[in-house]
Amino acid sequence: SQKVFKHDEL
Amino acid sequence: MNIFRLTGDLSHLAAIIILLLKIWKTRSCAGISGKSQLLFALVFTTRYLDLFTSFISLYNTSMKLIYVACSYATVYLIYMKFKATYDGNHDTFRVEFLVVPVGGLSFLVNHDFSPLEILWTFSIYLESVAILPQLFMISKTGEAETITTHYLFFLGLYRALYLINWIWRYYFEGFFDLIAVVAGVVQTILYCDFFYLYVTKVLKGKKLSLPA
């Protein structure tokens, strides 16, 4: 999954 | 965004503001580890470089800017403005023992071998242990001011709430970031001993002091 590469958390 | 993530972020913000206000109001950074604060400034700097490359939301951008600004302000107060009150003799944790292994690990275990991703990974690993100089300082002096314990409580609570957030996101969004979760678990575990003292002593109106 590539999802984790865009980090949307702080 | 779920309630655990939001309260986690707000708890993190509360911790940062409590520390800043404590130093500002008392005109003193006694009992505060400058080394931990330098590490947190490094954590925010290396993690939020994506401010330049990707936009998530206004909330996300604002919080990142606030965290970075506050962490630099804290470092400035400790090492410049109120330097005379900085207790460097008790702040003796060797930070290279954290930064070097964490740097090495972020090269070895990451989601993607790219500069920005390695720096993000470095910041996640470093954050998990960045409080150690502060905890070391407290164990050395054997005590902490009550306001400092409130700071530590909110800082620890933040990552604990993120753990619940990750469980939530796993079930409802299929989101799972192993690096963040493992580091977050380590980070939370480091606070457990402190949480125990906070609940059994500070919340009962006693000062946090450790047996000699």
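Residue numbering restarts at 1 for every chain, and letters A, B, ... go by the order of the sequence lines.
- Within a 6.0 Å radius of NZ in B/K140, more than 12 heavy atoms belonging to other residues, nucleotides or ligands are found.
- For the residue pair A/L10 and B/N60, the shortest heavy atom distance occurs at CD2-O, 3.8 Å.
- Between the side chains of A/E9 and B/N165, at least one donor N or O lies within less than 3.5 Å of an accepting N or O.
- With a 4.5 Å cut-off on non-hydrogen atoms, B/F55 touches chain A through its backbone but not through its side chain.
- To the nearest 0.5 Å, atom CD1 of residue B/I124 and atom NE2 of residue A/H7 are 7.5 Å apart.
- Within a 6.0 Å sphere centred on CZ of B/F194, heavy atoms belonging to other residues, nucleotides or ligands number more than 12.
- Of all the listed residues (B/M1, B/R5, B/R47), the one sharing the greatest number of non-hydrogen pairs under 4.5 Å with chain A is B/R5.
- For chain A, the option among B/Y162, B/F44, B/Y67 with the highest count of heavy-atom pairs below 4.5 Å is B/Y162.
- Heavy atoms from other residues, nucleotides or ligands lying under 6.0 Å from OH of B/Y59 number more than 12.
- Only the side chain of B/D50 comes within contact range of chain A, judged by heavy atoms closer than 4.5 Å.
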